[in-house]
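Taking it in order: structure first as structure tokens, then the write-up.
Here the structure is a predicted model, which means the values were calculated and not measured. What's counted below: heavy atoms across the whole structure, side chains too, no hydrogens, waters or symmetry copies.
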Amino acid sequence: MAAPADAPPVEWVVSDRLVPYEEALSAMEAHVAAIAAGEAAERVWLLEHPPLYTSGTSAKADGVVDARFPVFEAGRGGQMTYHGPGQRVAYVMLDLNRRKRDLRVFVAALEDWIIGTLDAFNVRGERREDRVGVWVKRPDKGAEVEDKIAAIGIRVKRWVTLHGISLNVEPDLAHFDGIVPCGIVDPRYGVTSLVDLGLPVTLPEVDAILRRAFEDRFGPTVAVEG
């Protein structure tokens with residue numbers, strides 16, 4: 001998924017405030033349209049949202065168990081998920097016309113990006129064919145127990161990508177109880193975070209690793225104020 005050698009670097013934007021979901025969605029849509037028109041550079045936007053739930057295109061009516069936070073129609077693939085403080089959301093706006101028009105390859109690259117980031121913290125993240133996202137085995141909870149540490153949900157317009165990934169650093173995991181996360185009801189599968197796994201890391205520390213791992217897979221970045 002690397003860009004051509006002569007492509008400009010991907011803009012790397014980090015917001016230091018809680019960004020309302022509708023504001024983020026509007027800004028992302030506008031920037032993606034500008035990329036498609038050849039008027040803007042590719043961008044990765046790292047942020048946190050206030051507590052909220054988002055509904056993907058495959059979401060089911062019973063996906064919300066307790067609507068303790070606002071629920072937004074996201075327009076991305078997937079089902080229900082939670083966003084909130086302590087979770088690093090990365091909106092990935094890349095032009096697949098320049099890279100590769102293959103959504104499976106793109107999603108695999110996002111998974112590999114997350115796995116590479118976790119590896120830097122000595123956490124083994126794994127893919128699952130029947131479950132979206134990145135998972136970690138939890139032998140401390142049981143032989144077959146696995147917890148989701150990162151979610152992936154994307155959309156494409158004119159082969160420019162929207163939405164992206166969310167990595168649980170230190171969110172309130174109890175907030176996931178208000179939904180059926182990603183439609184998974186099997187009691188063997190839960191949700192975790194880096195801090196829940198015993199790693200006292202901060203968002204800036206995770207951001208630095210995310211950027212390095214992204215550049216290894218997608219190409220150079222340049223810091224831009226957003």
How far apart are the closest heavy atoms of [X] and [Y], and which atoms are they?
X	Y	answer
Ala213	Gly116	CB-C, 4.5 Å
Glu144	Tyr189	O-CE2, 4.1 Å
Thr192	Asn168	O-ND2, 3.0 Å
Ala2	Arg99	C-NH1, 3.6 Å
Ile152	Val132	O-CG1, 3.7 Å
Val136	Gly125	CG1-CA, 4.2 Å

Residue pair Glu215 / Thr221, side-chain donor-acceptor N/O under 3.5 Å: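 Distance-only check passes for Glu215 and Thr221.
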Side-chain hydrophobic cluster, 4.5 Å single linkage: members besides Val19: Val13, Tyr21, Leu25, Met28, Val32, Ile35, Trp45, Leu47, Leu52, Phe72, Val89, Tyr91, Met93, Val160, Leu162, Val222, Val224
Is the number of heavy atoms from other residues, nucleotides or ligands under 6.0 Å of [X] [atom1] greater than 12?
X	atom1	value
Glu170	CD	no
Glu73	CD	no
Asp16	CG	no
Arg212	CZ	no
Glu23	CD	yes

Geometric class of the Phe106/Phe218 ring pair [parallel <30°, tilted 30-60°, perpendicular >60°]: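 The rings of Phe218 and Phe106 stand perpendicular, inter-plane angle above 60°.
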Whether His83 and His49 hold their rings parallel, tilted or perpendicular, with breakpoints at 30° and 60°: tilted
Asp147/Val191 under side chain to side chain contact (heavy atoms under 4.5 Å, CB included): CA gap, chis, key distance, verdict: CA-CA 5 Å; Asp147 284 344; Val191 182; 5.8 Å; no
Verdict with reasoning, Thr161 to Leu103, per side chain to side chain contact (heavy atoms under 4.5 Å, CB included): CA-CA 9 Å; Thr161 66; Leu103 294 184; 5.6 Å; no
Side chain to side chain contact (heavy atoms under 4.5 Å, CB included) between Met80 and Val71, worked out: CA-CA 9 Å; Met80 300 295 305; Val71 180; 4.0 Å; yes
Beyond-backbone contact of Leu167 with Val134, side-chain heavy atoms, under 4.5 angstrom: no
Test item: Ile149 and Leu197 side chains (from C-beta on) under 4.5 Å apart, heavy atoms: yes
Gap between atom [atom2] of [Y] and atom [atom1] of [X] - 0.5 Å precision:
X	Y	atom1	atom2	answer
Tyr82	Asp172	OH	CG	6.0 Å
His163	Thr81	NE2	OG1	12.5 Å
Leu96	Glu42	CG	CD	8.5 Å
Ser26	His31	OG	NE2	13.5 Å
Leu46	Phe214	CG	CZ	10.0 Å
Met1	Leu110	CE	CG	8.5 Å

Joint hydrophobic cluster, [X] plus [Y], side-chain heavy atoms closer than 4.5 Å:
X	Y	value
Trp113	Val156	yes
Val169	Ile115	yes
Val195	Leu173	no

N/O donor-acceptor pair under 3.5 Å between Arg88 side chain and Leu210 backbone: no
Any donor-acceptor pair under 3.5 Å from Arg217 side chain to Asp112 backbone: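 Judged by distance alone, yes, a pair lies under 3.5 Å.
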Salt-bridge criterion met for Asp102 and Arg104 (N-O under 4.0 Å): no
Among Ile165, Val14, Val10, the one residue meeting side chain to side chain contact (heavy atoms under 4.5 Å, CB included) with Val44: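 Exactly one pass, corresponding to Val10.
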Partner of Glu146 by salt bridge (charged side-chain N to carboxylate O under 4.0 Å, His left out), out of Lys141, Arg127, Arg124, Arg128: Arg128
